[in-house]
Each structure stands twice: as C-alpha cells, then as structure tokens.
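Structure record follows, encoded as structure tokens.
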Amino acid sequence: MEARWVVRPGPPLSGCVRVSGATKNAGLKQMAAALLVPGVTVLRNIPPVADLDVMIDLLRAIGAEVEWGGPEELRIDATGPLWPEAPYELVSRMRASINVLGPLLARCGEARVAMPGGDNIGSRKLDMHFRGLEAMGAELEVVHGFIEARTNVLAGARVVLEFPSVGATENLLTAAVLAKGQTVIENAAREPEITDLAAFLNRTGARVIGAGTSTIEVEGVDELVPVESELMGDRVEAGTLLMACGMAGGEISVEGTRLEHLEMVVLKLAEMGMRVSPTPDGLWARAEGRLDAVDVATLPYPGFPTDFMPMAVSVLSVADGTAIVTENVFDNRFTFVDELNRMGADVRTEGRHAVVRGVPRLSGAPVRALDVRAGAALVLAGLAADGETTVFDCHHVARGYVDLPGKLRALGADVEAVPAG
Ligand code: UD1
C-alpha cells in the first residue's frame, strides 16, 4: 500500500503552532542565488522538504558543495569551479530549477538549463525570463529541450515585465546583481519572498532597492561575499493552518508569520466570519459555526494568492451560500475539484471560474493529491467530512510542507501519516 494521510473529523482546533521556514517559495530561490557567491553561504531556518533535496542535487551537479550544518541549516560552498549545466533529470522534478539560470549567466557567462516541468497547474511559460535576460545582453535559444544561454558581458537594462511574474523577477534580479551598471525591473513581482531574496542578496554586498514594490533597481557590483542568512517564515503554511481552523472551527495561534504577508487571505477569512488578529509573533484566529460564502479571485501579490485558491475552494465547499472563485494566474488549476466533489462538494468549473455551492458537511472518501496545494486542500476538506478521508499521493503535499499532519495534530486534529507498506 502506498504512503497516505488519513484524516478524521475531530473536535474544534485549539493550541499554538510555529510555522517552518519558507523552504519551497523562498529557500529554493536563495539556494540558487548562492551560486552567485564564491565562498560558503549559510542559510538558516530552511527545513527539509522533498524539493529541497532536488535543489541540493542540482547545486552539487553544478559544482557547489552542499552540506547540512544543523537540522535546518544549509552550507553551500559555490567557490567553484562551476559547471553551468542543469540536467533534465533534476529540472524535470522541480520547477524552481529554472532559478539557476540568472545566477549561472551572471557568474559564468553561460548556462545550459533543461526546460522545466513542475506542478501540473497550467502552462508556465518563460518568455519574460528570456526577454529580460536578452535585454541585458544575453543570447538564449532552446535546443533539444535545453535553454542555452550565453553572454560576453551582462549589462544593466530597463526591463518592463508584461505580468509581475515571480520567477522572471527572481531570475532578472539575480542576473542583475553582478551585471555592469544599473538594471530597473518595472512591474516586478511584489511577493514577500522577493523581498526576502533581495535582503539576502544585499547582505552579500549586492545593491538592490525597491524589492516589495513594482520597481526594483539594481546597481551591479563586481563580486559578492558569503554571509549567514535566515529565511522568512512560510506564509502559505501559516495561511493553510488558518484555513484549517476555518474548516474545523476552534481557536488557534500561529507563530512565526506576519499579518502583512497574509493580508488578503485574512481579509477574506474575516469576510467569511472568522476573527483573525495579529499577535507579537504571528496571528490568532477563531472560527465558530458555519462560515459565509464570499467570492475569491486570485491575483499577483498583494492580491489573493493562487497558492491559496484550492484551499479556499475547500473552505467555501462547506460555507453557507454560493461563491464564485476565479483563477487569474494559472490556466489549469481546478483539476483537484473532481476529487473534492467525490467528497460530496458541489463545485462546477468553467474555464477560469468555479461556482462553489456550500453543503453543510462533506463525506470522507479516498482521494488523490494532484499537486502540493491541491493536496493540502483535500486534507483540509477531510477536517469537515464525516468518516475517514484518505489522501493518496501525499508526497506531492510533502514537496511544500514540513510535516503538515504533525502541525495539524498539534492543534488537536486527527491526521495520521501512514507510511507505505
Ligand atoms: C507562481 C505564483 C507565486 C506562487 C508560485 C507557486 C503569482 C504571480 N505567482 O509563481 O505566487 O508562489 O506560483 O505556486 O501568483 N508567465 C509567463 N511568462 C513568463 C513567466 C510567467 O507567461 O516568462 C505566466 C505563467 O505562465 C503564469 C503566470 O505568468 O500564468 C505566473 O507566473 P510566475 O509568477 O512566474 O510563476 P511562479 O514563479 O511559479
């Protein structure tokens, strides 16, 4: 029998948990950025999730030495020599591999990176990465499934992104820190993970201003120096736990996060009838009775994050009333809805929209996690379902969460991780 998570309904949640470091959305990107720095970069508060092992293998394939300095501390020695090639076997397992493109071009003047795979949530193009790097003087082409990029001199440029893409902003930012002259990224992504990446780069001696706003200015420097740095708390994990409270009811505290990182999620939960307020080191939340249906539309940060959309559909599936959920960031992120409907939810999708008619309770069923956040949504659904919900393919969820079952258990939920066998 394959590994699975078993969720049973329990009492309202109560207690306090601390979120882990944001390995998936911030840590993997900073690991890639460490390729810019000759010497030993130390990253702290970077707990292992499955994707992190892939990034370690990728950095090693490129020629960096990577080792654990402690349970949540990684030491990355990118002194070199570096072999600027990201092989298909690794890139196809983790989309964040594309983040080595900018650093390798900046450090080595060339890069050969397999075209990425990753979550199955719609077409994820790279045209903005390409256009931005070309504006900085790189030549890029796709040959036999590999991106081949080279440049004599990477030069600062003004780049206007068509859409505030997180990946493109990260690749351009990490290329720009060692480029000659000034780079300006307009319509840049504003996610807190971008701010965290820029803060890391600035500690190494980079000159980045404006991260967290739509205009990022980078003054290129000749060399970066190794530093010790700590990752931000995982805002998606924090929001997942708040939504779990919305599903199961109860009163919880989540430490290690900030209201500013979750403003739109908190606003929506409050509209649904939850009470959420900041604490000195995180958030407090209470949910009583059935929540109200509200419409949700995903947008680039600070809009409602696409990462939370599947979980929002779960919460709304048992809310009082009908909600329309619109996914504006990815083309194909509603495939998990069929699984949720097998649990008795009433969700219909049409293109980018889902109509969610709230039912009083779901009914536990065997279901399959299709990607990391869709899997988390099914775990949450199990909290509001009669009987037992078994989530198969839970390794997808483990790609982004550190022990989600354990964290939910710490709040009193009945979630069991059953190993394969
Ligand atoms: C996206 C999310 C990010 C989330 C992550 C994991 C947004 C804006 N980004 O980041 O918050 O943490 O998924 O789920 O919500 N695109 C292009 N051309 C490009 C680059 C992107 O068309 O060159 C399109 C993509 O196909 C997609 C959209 O832009 O529809 C968002 O892409 P991007 O922000 O780069 O995706 P991620 O970095 O994966």
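Side chains included, hydrogens not; waters and symmetry mates left out as well; all remaining heavy atoms used. We count ligands from 1, going down the list as the structure has it; atoms in each ligand are counted the same way.
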Within 45° cone and under 6.0 Å: R112 NZ/CZ vs F146 ring
yes

Here's one to test your reading of the geometry: is the NZ or CZ of R352 within 45 degrees of the ring axis of F330 and under 6.0 Å from its centre?
no

[X] to ligand 1: N or O pair under 3.5 Å?
X    : result
A168 : no
K24  : no
K125 : yes
D307 : yes
L299 : no

Derivation of the salt bridge (Lys or Arg N to Asp or Glu O under 4.0 Å) call for E170 and K29
CA-CA 8 Å; E170 289 164 343; K29 323 298 180 68; 3.1 Å; yes

Counting C-beta onward and ignoring hydrogens, is there a side-chain heavy-atom pair between P38 and E223 closer than 4.5 Å?
yes

Flag for R4-T390: side-chain donor and acceptor within less than 3.5 Å
no

Hey, what do you get for CG (D57) to CG (L52), rounding to the nearest 0.5 Å?
10.0 Å

Number the atoms of ligand 1 from 1 as they appear, then name those within less than 4.0 Å of a heavy atom of D127, with their elements.
17 (C), 18 (N), 19 (C), 22 (O), 23 (O)

Given that the side chain starts at C-beta and the backbone is N, CA, C, O, which of these parts of [X] lies under 4.0 Å from ligand 1, counting heavy atoms, or is it both or neither?
X    : value
E170 : neither
L126 : backbone
V329 : both

Out of F163, F304, F330, F308, indicate the one that has the non-hydrogen atom closest to atom 8 (C) of ligand 1.
F163

Looking at E162 and R131, is there a salt bridge between them, counting it only when a charged N and a carboxylate O are closer than 4.0 Å?
yes

